[in-house]
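Remarks on the structure that follows.
Numbers restart at 1 for each chain; the letters A, B, ... are given by sequence-line order, proteins then strands.
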Amino acid sequence: MPLRLTNTLSDRKEEFTPLTPGRVGVYVCGITVYDLPHIGHARFLVAFDTAVRFLRWSKLHVTYVRNWTDVDDKIIKRANERGEDPAVFSARYIEECKRDMAPLGVASADIEPKATEHVPEMIALIEKLGKGRPGWHIECSAMSQKYLGTTFDVHGGGKDLVFPHHENEIAQSEAASDQPLARFWLHNGFMTMDSEKMSKSLGNVRNIRDLLKSWDGESIRAFLLSTPYRHPISFNDMALADADGRVEYFYETLHKADVYLAAKKFSGRGAIEGPTRDAFREAMEDDLNTAQALAIVNELYKQLNANIDGKAAAQKVADLRAEVIDFGRVLGLGEREPIEAIRDRRSLAAHRKGIDLGWVEERIRERLAARKAKDFARADAIRAEVSAKGVELRDAATGTDWRVLP
RNA sequence: GGCACCGUAGCCAAGCGGUAAGGCAGGGGUCUGCAAAACCCCCAUUCGGCGGUUCGAUUCCGCCCGGUGCCUCCA
């Protein structure tokens with residue numbers, strides 16, 4: 001089945017074929033940098049990052065351009081309020097944005113043009129148009145044309161940009177070039193906060209940096225992918241906790257597989273040509289349905305667990321492991337070294353709940369001694385003690401591990 | 001007022017013409033000193049309501065009810 005994308009121009013799913021076979025040009029309207037990025041920014045960044053990952057997984061050569069709008073009235077106003085040079089101000093916020101995007105697995109685009117560095121191009125476009133006005137989204141018209149040509153494959157952005165930003169872009173670009181601007185227009189749906197609009201006046205804007213104090217960036221990404229990119233998505237702590245649990249499950253399973261394969265002294269490679277691969281591809285080909293893709297990945301993780309529990313052949317376990325890793329690369333989930341991810345995530349969770357790591361280790365040592373002495377009453381008392389603090393002890397043949405309860 | 005979108009099990013959420021994915025919660029089981037984790041089984045005769053089109057509708061059309069967004073250079 002070919003890739004089908006919902007094109008805002010026609011408001012329907014259309015079969016996607018690149019203008020130049022094998023190559024795709026993607027332009028996404030990026031962030032206007034006057035504050036820290038919020039969860040709504042995370043939504044579009046993750047959505048298009050995933051789209052690009054999938055195109056590349058599909059063996060297409062992608063040129064991904066995502067701009068930084070680093071000059072506009074809001075930026076100038078904000079910089080002036082702080083007595084700062086607008087250029088210095090916006091440059092700083094670009095760095096802050098990058099810092100917050102990294103934990104969400106959002107990679108840099110191939111080209112990240114800045115509006116301030118393309119003023120001559122904007123002026124040239126305006127001159128072509130006759131009477132023109134700086135602003136009116138001319139920056140995206142100028143930059144997309146420069147890096148991707150007058151007509152390119154995909155233009156993306158938030159739903160709010162359909163009008164007036166993208167209408168203006170089309171009007172001025174096409175007036176100047178007499179060619180269609182982009183063939184496919186993709187718009188991600190809005191993020192609401194508990195089904196309510198996220199806005200400064202309502203005081204419910206959540207920036208990524210604050211969220212990262214409590215949650216693993218990958219959990220935030222998993223939450224964002226749990227709904228198709230075009231649908232509205234409602235932010236709430238329970239949905240985030242669900243996503244966090246899913247990421248936990250992924251890494252626990254991967255780690256279990258690693259331990260299993262190491263015990264079997266398996267050093268081969270897994271093959272990734274299973275029937276599930278087709279199902280996964282079809283889900284993504286259906287307008288990048290990450291929710292469906294995630295369900296398929298989940299099913300595969302379950303199989304991986306079942307095979308380990310059932311003491312399956314190492315090759316079978318390695319195959320399944322290779323497959324979940326492969327799909328994970330498209331979704332940007334489960335890409336870290338499992339043991340490190342588990343450790344980092346546990347530290348974050350412990351910090352969130354105010355649990356002292358050293359204290360837990362000490363309790364585990366005490367309990368281990370009690371268990372060796374067959375003093376199970378004492379061992380259970382220690383379990384209850386740490387449990388009261390939100391820590392769960394997990395006994396295994398190799399020793400006692402622990403986790404922070406959700 | 002104009003224009004969109006949404007309403008699927010207790011909760012989150014796919015599917016959008018062929019007879020309801022997945023997750024959480026819940027119930028039962030295997031395993032376990034205890035406890036988890038993991039796995040297996042169960043959990044919507046039904047998709048806001050009423051009509052219509054169709055051999056067949058959660059999926060298309062109309063109306064109604066409920067929720068949200070845009071129409072101010074907010075992703």
Side-chain angles (χ1 to χ4, degrees), chain A residues 8 11 13 28-32 34-35 37-48 66 69 72-74 133 135-140 156-169 187-192 195-201 205 222-223 226-234 236 238-246 248-249 252-253 255-256 279 283 286 289-299 301-310 367 371 374-377 379-384 386-387 391-397 400-403 405-406:
Chain A
T8 307
D11 198 31
K13 283 182 198 172
V28 171
C29 289
I31 298 178
T32 300
Y34 61 94
D35 207 340
H38 54 65
I39 185 73
H41 292 116
R43 169 52 151 181
F44 93 87
L45 290 166
V46 167
F48 292 108
R66 189 186 60 221
T69 296
D72 93 320
D73 293 347
K74 266 196 299 288
R133 180 188 182 281
W136 282 85
H137 321 109
I138 196 75
E139 78 277 18
C140 287
K159 194 176 192 292
D160 57 309
L161 298 182
V162 174
F163 176 85
H165 186 93
H166 289 158
E167 280 193 18
N168 283 332
E169 245 188 276
H187 292 97
N188 63 278
F190 252 46
M191 166 80 62
T192 57
S195 298
E196 191 181 49
K197 182 188 171 156
M198 177 170 63
S199 75
K200 298 235 161 70
S201 56
V205 176
F223 159 68
S226 67
T227 299
Y229 78 96
R230 301 187 75 254
H231 291 204
I233 182 169
S234 176
N236 64 78
M238 211 161 71
L240 197 46
D242 276 0
D244 188 61
R246 197 192 289 258
E248 186 83 15
Y249 173 68
E252 290 284 352
T253 304
H255 180 240
K256 198 160 107 180
D286 182 15
N289 191 338
T290 52
Q292 182 62 36
L294 220 35
I296 290 161
V297 170
N298 208 82
E299 199 59 48
Y301 267 103
K302 199 190 282 186
Q303 277 184 42
L304 179 52
N305 264 308
N307 274 277
I308 296 168
D309 288 356
R367 182 164 165 279
R371 289 178 76 204
K374 300 272 189 227
D375 183 357
F376 294 122
D380 290 349
I382 294 170
R383 175 184 287 289
V386 298
S387 176
V391 171
E392 181 179 270
L393 300 182
R394 303 167 68 167
D395 294 328
T400 298
D401 200 2
W402 64 281
R403 69 187 279 250
L405 290 163

Under 4.0 Å between any heavy atoms, over every strand shown, what does [X] touch: base, sugar-phosphate, or nothing? Just pick one.
X: A/K256; result: sugar-phosphate
X: A/H38; result: base
X: A/N289; result: sugar-phosphate
X: A/M191; result: base
X: A/P228; result: sugar-phosphate
X: A/I308; result: nothing
X: A/R367; result: base
X: A/G40; result: base

In whole Å, what is the span from the [atom1] atom of [X] to the [atom2] atom of [N]?
X: A/Y301; N: B/rC39; atom1: OH; atom2: C1'; answer: 17 Å
X: A/Y34; N: B/rC73; atom1: OH; atom2: P; answer: 12 Å
X: A/R403; N: B/rA35; atom1: CZ; atom2: P; answer: 16 Å

For this session: Check side-chain hydrogen bond (donor to acceptor under 3.5 Å, both in side chains) between A/Q303 and all other residues, then give those that pass, not counting sequence neighbours.
Result: none

Exercise. What pairs with A/K13 under side-chain hydrogen bond (donor to acceptor under 3.5 Å, both in side chains), at least two apart in sequence or on another chain?
Worked result: A/D286

For [X], check ring pair (Phe, Tyr, Trp, His ring centres under 6.0 Å) against everything at least two apart and list the hits.
X: A/F48; result: none
X: A/F223; result: A/F235
X: A/H41; result: A/H38

Problem set entry | Pairwise 5' ranking along RNA chain B for A/H41 and A/D309, keeping only the more 5' one | A/D309

Filtered N/O pairs between nucleotides 20-31 of chain B and protein, under 3.5 Å:
| residue | atom | partner | partner atom | Å |
| --- | --- | --- | --- | --- |
| B/rG23 | OP1 | A/K302 | NZ | 3.3 |

Name the pairing partner of [N], where a pair is Watson-Crick or G-U wobble with both distances under 3.5 Å, or state none.
N: B/rG33; result: none
N: B/rU68; result: B/rA4
N: B/rG26; result: B/rC42

Output a table of donor-acceptor pairs, distance under 3.5 Å, between side-chain atoms of residues 292-299 of chain A and any protein atom two or more places apart or on a different chain; print 'none' if there are none.
| residue | atom | partner | partner atom | Å |
| --- | --- | --- | --- | --- |
| A/N298 | OD1 | A/R246 | NH1 | 3.2 |

Exercise. Any side-chain heavy atom of A/P164 sitting closer than 4.5 Å to one from A/H137?
Worked result: yes

Problem set entry | Sequence-distant partners of A/T69, side chain to side chain contact (heavy atoms under 4.5 Å, CB included), two or more places apart | A/T32, A/N67, A/E139

For nucleotides 66-70 of chain B, which of its nitrogen or oxygen atoms have a protein nitrogen or oxygen under 3.5 Å away, and what is each distance?
| residue | atom | partner | partner atom | Å |
| --- | --- | --- | --- | --- |
| B/rG69 | OP1 | A/K197 | N | 3.0 |
| B/rC70 | OP1 | A/K197 | NZ | 2.5 |

